[in-house]
There are 2 protein chains.
Amino acid sequence: MARAGLTPEIVVDLAMAIIDEHGPAAVTLSAVAARAGVATPSLYKHVRSLAELTELVSIRVMDQLADRGFAAVAGRSGEDALRAYADAWRGYVKDHPGRYAAMIQTASPELSKAGQKLIDITLAALRSYGLEGEQAIHATRAFRAAVHGFVTIEAVGGFGLPYAIDESYHRLIGMVIGGLPKPV
Amino acid sequence: MARAGLTPEIVVDLAMAIIDEHGPAAVTLSAVAARAGVATPSLYKHVRSLAELTELVSIRVMDQLADRGFAAVAGRSGEDALRAYADAWRGYVKDHPGRYAAMIQTASPELSKAGQKLIDITLAALRSYGLEGEQAIHATRAFRAAVHGFVTIEAVGGFGLPYAIDESYHRLIGMVIGGLPKPV
DNA sequence: AGCGAAGGCTAATAGCATTAGCTTTTAAGC
DNA sequence: GCTTAAAAGCTAATGCTATTAGCCTTCGCT
């Protein structure tokens with residue numbers, strides 16, 4: 001019988017498809033194996049465990065998020081860059097709420113490397129503010145926390161009526177931006 | 001043999017103890033039953049399913065959070081009230097990171113009622129700002145998002161070096177407060 | 001005392017991750 | 001082209017999980 005020709009990357013692809021269709025909780029090795037047309041234990045030739053697979057998924061999601069963010073920030077600066085990044089971030093979550101949910105419920109050393117990309121992009125967007133050291137850290141944390149908090153609540157439908165959510169987000173980002181020193 | 005004398009409340013108590021000691025992932029009906037000194041299926045006399053138990057746990061956590069918040073806001077107004085609420089919220093998460101993690105990975109209709117308490121407290125803290133309708137909604141969402149985002153990232157150790165985190169939080173809350181119209 | 005409900009039990013089922021060990025395919029080197 | 005060894009698949013088995021069914025016992029009330 002011909003081989004399925006799996007790789008770790010393809011296994012992650014399949015897991016992502018399951019997340020998109022049925023949510024993060026539906027990601028089991030059985031489900032992935034069924035999609036791959038393979039017996040469950042065969043997956044262990046490509047991933048060490050379910051835990052490793054979910055970690056790889058998280059890294060993939062962070063990378064996708066970073067790609068969108070990077071594209072949004074490129075060629076912009078100051079408030080413009082920050083707002084574009086914030087919108088790109090939220091756009092990704094709205095397009096793929098399951099993926100973001102899958103991402104946030106995993107933590108590991110490997111993951112922090114992927115997460116660093118998101119921080120680096122924030123720093124890049126903040127560059128024109130000329131913040132140094134501690135000031136840059138505070139600004140980055142504030143931006144991350146505001147964006148992540150808003151988008152997380154929205155993804156689980158936590159805002160109740162979906163009334164004027166765009167405007168609420170715009171204002172929150174405006175509060176963060178307004179609390180920064182003026183760009184040089 | 002004497003009965004264990006369980007109630008749904010006690011079952012939730014035991015689940016909370018497991019969360020505090022071993023994290024949310026360790027909450028299984030087996031583990032709870034072992035702690036209760038009872039066979040696993042006996043728990044079904046008190047909770048309908050594991051899903052219901054985790055939901056009850058989330059509601060309990062939200063209630064505890066609301067109690068702390070209520071106490072913090074009582075007798076304060078304006079910026080003072082908002083900062084006290086923000087500090088109480090974060091204090092709870094620092095005291096019980098596992099509980100907060102357990103809370104955020106559950107969503108259901110029953111839960112939104114408990115979540116409404118947290119929103120009501122925010123509205124109360126905002127009262128002296130005299131915000132009406134849409135303005136109050138935007139302000140509440142911004143506050144929730146900022147607080148929730150920050151404490152969530154902190155709870156998973158997402159800020160890397162634990163350097164000056166108090167100050168970062170203080171500044172973020174300051175950004176939100178600074179973006180509100182002045183209290184009347 | 002007796003009766004019914006509530007709270008406990010054991011046994012059984014089904015789904016899950018994981019490990020062990022075997023077989024087949026594939027690709028590389030001669 | 002043949003050999004060979006690693007890579008990639010398989011089946012079988014283990015042990016954990018939630019859940020259901022059906023039974024027994026304890027408790028509270030009359």
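Every chain is numbered from 1 and lettered A, B, ... according to where its sequence line falls, protein lines coming before strand lines.
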Nucleotide C:dA5, atom P - distance to CZ of B:R3 in whole Å: 14 Å
Comparing B:K45 with B:A51, nearest DNA chain D nucleotide closer to 5' gives the residue B:A51
Can you tell if the side chain of B:H96 reaches within under 4.5 Å of the side chain of B:M16, non-hydrogen atoms only? no
Which nucleotide wins on minimum distance to the side chain of A:Y44, given the candidates C:dG8, D:dT19, C:dT18? C:dT18
Gap separating the CD1 atom of A:I19 from the CG atom of A:L14, nearest 0.5 angstrom: 11.0 Å
How about B:H148 and A:F150: do any of their side-chain heavy atoms sit closer than 4.5 Å? no
Which pair of heavy atoms, one from B:S168 and one from A:H138, lies closest together, and at what distance? OG-ND1, 2.6 Å
Roughly, in whole Å, what's the span from CG in B:L43 to P in C:dG8? 9 Å
Closest to side chain of B:P41, choosing from D:dT20, C:dT18, C:dG8: D:dT20
Could you state the CD1-P distance from B:I18 to D:dT17, rounded to the nearest angstrom? 11 Å
Base, sugar-phosphate, or nothing: which does A:T28 touch, judged by heavy atoms less than 4.0 Å apart? sugar-phosphate
Using the 3.5 Å cut-off, write out each protein N or O paired with an N or O of nucleotides 27-29 of chain C and the distance between them.
none

Is A:S30 near enough to C:dC16 that one of its side-chain N or O atoms lies under 4.0 angstrom from OP1 or OP2? yes
Figure out the CD/P separation between A:E9 and D:dA8, and round it to whole Å. 12 Å
Out of D:dC27, D:dT19, D:dC10, which nucleotide sits closest to the side chain of A:A39? D:dC10
Has B:S49 got a side-chain N or O lying under 4.0 Å from the OP1 or OP2 atom of D:dA18? no
Counting C-beta onward and ignoring hydrogens, is there a side-chain heavy-atom pair between A:T7 and A:V11 closer than 4.5 Å? no
Between D:dT19 (P) and B:E52 (CD): distance, integer Å: 10 Å
Taking a hydrophobic cluster as the set of Ile, Leu, Val, Met, Phe, Trp and Tyr residues connected by side-chain heavy atoms closer than 4.5 Å, whether directly or through intermediates, do A:L172 and B:L123 fall within one such cluster? no
So, OP1 or OP2 of C:dG8: does either fall under 4.0 Å of a side-chain N or O from B:H46? yes
If hydrophobic clusters are built by linking Ile, Leu, Val, Met, Phe, Trp and Tyr wherever their side-chain heavy atoms come under 4.5 Å apart, do A:I18 and A:Y44 end up in the same one? yes
To the nearest angstrom, the CG-P distance between A:L29 and C:dT19 comes to 11 Å
Output the single nucleotide from D:dA18, C:dA17, D:dA7 whose closest atom is nearest the side chain of A:L50. C:dA17
